[in-house]
Amino acid sequence: MKSERALRGAGGSGGLGAGLKYTSRPENMNGCEEGVEFLPANNSRKVEKGGPRRWVVLVAVLTVFLALSLLAGLLAWHFQDRNVRVQKIFNGYLSVRNENFLDAYENSNSTEFANLAKKVKEALKFLYSGIPVLGPYYKTSTVTAFSEGSVIAYYWSEFDIPKHLVKEAEQAMAEKRMVTVPPRARSMSSFVMTSVVAFPSDPRKVQNTQDNSCSFALHAQGSEPTRFSTPGFPDSPYPSHARCQWTLRGDADSVLSLTFRSFDVATCDERGSDLVTVYDTLSPVEPHAVVQLCGTYPPSYNLTFLSSQNVLLITLVASTERRHPGFEAVFFQLPRRSSCGGYLRGAQGTFSSPYYPGHYPPNVNCTWHIEVPNSKNVKVRFKAFFLQEPNVPVGSCTKDYVEINGEKYCGERPQFVASSRSNKITVHFHSDQSYTDTGFLAEFLSFDARDPCPGSFMCNTGRCIRKELRCDGWADCTDYSDELDCECNATYQFTCRDKFCKPLFWVCDSVRDCEDGSDEEGCSECGRGRGGGRCPAPRGLAAGPRAPAESSCSPGCPPNTFKCDNGKCLPQSQQCDGKDNCGDGSDEAKCQDVKAVTCTKHTYRCLNGLCVDKSSPQCDGNEDCTDGSDEKDCDCGRRSFTRQSRVVGGENSDQGEWPWQVSLHAQGHGHLCGASLISPSWMVSAAHCFVDDRGFRYSEHSMWTAFLGLHDQSKRSAPGVQERGLQRIIKHPFFNDFTFDYDIALLQLDRPVEYSATIRPICLPAADHTFPTGKAIWVTGWGQTQEAGQAAMILQKGEIRVINQTTCEHLLPQQITPRMICVGYLSGGVDACQGDSGGPLSSPEADGRMFQAGVVSWGEGCAQRNKPGVYTRLPVFRDWIKQQTGV
Ligand code: ARG
């Protein structure tokens, strides 16, 4: 270094100032200590004392150096981050004050539209320029539509915002409200925009303005429905990755009613789905979404939505390759209701949320002031209650709700009652700006305060139930209050630890009946159990080989044991050991390796003759047989629709919910029995339907007509219903007309049916298939909805449970054979009835398929307490069916 300076010094500008020492040793220029040296004027001291202080200088220099590099690094990082820009799209709407709506604004190609859009864009630019975190990063805005009010403009704005300012920008965007653009010329008036609202949006979802290939604008034709659909519906699927939108409008003072008549888009799943969203505005902004739909819905599902204004926007964002037909919808306008709610007087009456059972509109508030006669008190019973919204924390009703007596109710609730201590009650209904549901149906009733439930017991919920239901072991009140503080009758009841009473013969039957499991405790002392507890009894076909450990029927299973579906505990080692130790097969289900074993009556025989030890391996999505035969012929037991309605009032089925259900009409009698479709030409029914009686030849096949794909008995010629005659009736040869043993028949159609969305076969269970006690299965039919009542028009469904065979033998003594299975509730209430006979019991099995568990056969009355329905067991007849039909 010194030598460098020396060079400069030598040939330099000559401006060498004081303090330059010169030593004349030019030949030694190569890095010699003594060259030319810069020294500050006061360096004499340093030179003198330099030696001992040198390290201090070094440390100081190093520190400064480190500090500088740190600073440089920080600055670089900081600036780099500042340079990272993100594209930000805000979707929103605003109201233009001093403009009137022109019809031409509905057409985005009109000059009027273009002129106003230009003004709005200028105003937006002006607005953003005044906001420091937005102005410098603003790129462009697009006005997508106008609607009435003075004029509402729907728009989106694009920004390129430095990453670190995004949060601030979003906040600024949320805060802006109004802008007044000063007039440019004295003759012009200022341009005022109010209620400027915008929400951050996903850039991928913003409709590309250039691409209008799937963008539609429709105006309601008065109250006449206007139809529209996805492109190509129903003949071809909508394009994959489609971005479509439908702008729906009505006249200024109207609201819109929109109904999807047919809906089938790709199923909803996390990996991506095709999504249809309905917005209560013309901007696709989440806070105004009314509903998001995906999957398939049966035509009977309520897909009617009401708007709060005269516009609706529907978008379809397809992100899958899956091919689906899409939707068909209709909409019409109706006058905007000035109010809802009001004064209700009288001893009783009904009321409901607006447009029930359609989805109520967003942004409504209704108040009903109910008053019954002075001497009485009033209560309100909600028969249906659906106020479900996504993202509402459980236990809080932050969005849509019903408020009574200061208490808020929301979500989905079973029937409930709210009562008042006076003759007045006020019911308030509120829906917020997003997501709506079908609402509620309620009735108000007056009652005598001194005797609210005359002759009956009053649940803590206010509901009245029959007196005999108190302390009978069944919870009849939804809050169990009829079973609290009971004294059990020791001669026929067992007292659970939690004081509930249960039938004595339920003790130690391997089924946990007491909530606390106390009925299954200490059962190892078989035969000596408390209160006459019994050893576990074999339970019909479900009983497998019994291992010694099964006497351990403790309720919550101890650690390192396996808990069977029927509540029994087993040593872990017995799980997946090839034996049905539980008795319901649950210890052998879901085992990784299914071993080929010697065939017994509890194994499944593959087509190649080998047997596998797995309960019900058929059509469960896993190939268990080496020849794959357990997964063959599996086009059964599935519905075409992925969504089902929630049960509203009664138990109406959805269209296509039970596509294997058949209605059998006998000449001149109308509907008499049910049946189930098992192949294009064969059906299963009950033998007792085909016994000649009172001069009528029910056994004659030509007397019968089968209706397939039927939903409503009054619409037998509706599209989709297929009508067939019978070619043959094969009653089981052992059918006993007196005992109803072997109550099964096979019916051959005169011509095969064509499978469709509403006609499909049910799966037949293999001979070793088990339907464990407690399993929930469905019974369906058009039979009477009450004992000695009327037959149903709409196909009914009821969820019932498999009952322990021994219990059933106790309840219906001397009547139950191994060909029969009891299914229902001992508490009664849900059951098949006259006219349901021959229909199927549909049991959801592995892989979501429905297998036929039974055939409706007989019962003592209908839905009576302790008198469950009796059904013909299907697995018993598997081989016979195969032999007779080849199916
Ligand atoms: N035998 C009746 C019929 O012909 C079916 C009765 C079913 N009864 C019952 N309670 N599960 O339709």
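Both ligands and their constituent atoms are indexed starting at 1 by order of listing.
Distances below 4.0 Å separate heavy atoms of Asp836 from the following atoms of ligand 1: 12 (O). The distance from ligand 1 to the heavy atoms of Gly869 drops below 4.0 Å at these ligand atoms: 11 (N).
For the pair Cys673 and ligand 1, no heavy-atom separation below 4.0 Å is found. Residue contacts with ligand 1 leave out Gln864, since none of its heavy atoms falls under 4.0 Å from the ligand. The shortest separation from a heavy atom of Gly861 to ligand 1 is under 4.0 Å, placing the residue in contact.
The SG atoms of Cys634 and Cys763 do not lie less than 2.5 Å from each other. SG distance check for Cys488 and Cys501: under 2.5 Å. Across the pair Cys459 and Cys464, the gap between the SG atoms, which is the quantity tested here, reaches or exceeds 2.5 Å. The SG atoms of Cys514 and Cys496 sit under 2.5 Å apart. With 2.5 angstrom as the limit on SG-SG distance, Cys673 and Cys689 come in below it.
The main-chain N or O of Gln655 is found under 3.5 Å from a side-chain atom of Ser300 such that the two form a donor-acceptor pair.
The heavy atom nearest to atom 8 (N) of ligand 1, out of those in Ala832, Pro868, Gly838, Gly835, is found in Ala832.
Looking at Ala686 against ligand 1, nothing comes within 4.0 Å, counting heavy atoms. Contacts between Ala863 and ligand 1 below 4.0 angstrom, taking non-hydrogen atoms only, are absent altogether. For Glu860, no heavy-atom contact with ligand 1 is shorter than 4.0 Å.
For the residue pair Gln796 / Thr785, no side-chain donor-acceptor distance below 3.5 Å is found, with atom types taken as modelled. Between the side chains of Glu754 and Ser756, not a single donor N or O lies within less than 3.5 Å of an accepting N or O.
Among protein heavy atoms, the minimum distance from atom 3 (C) of ligand 1 is reached at Ser837 OG, 2.1 Å. The protein atom (non-hydrogen) at minimum distance from atom 10 (N) of ligand 1 is Asp831 OD2, 2.7 Å.
An N or O contact shorter than 3.5 Å is missing between Tyr871 and ligand 1 by distance.
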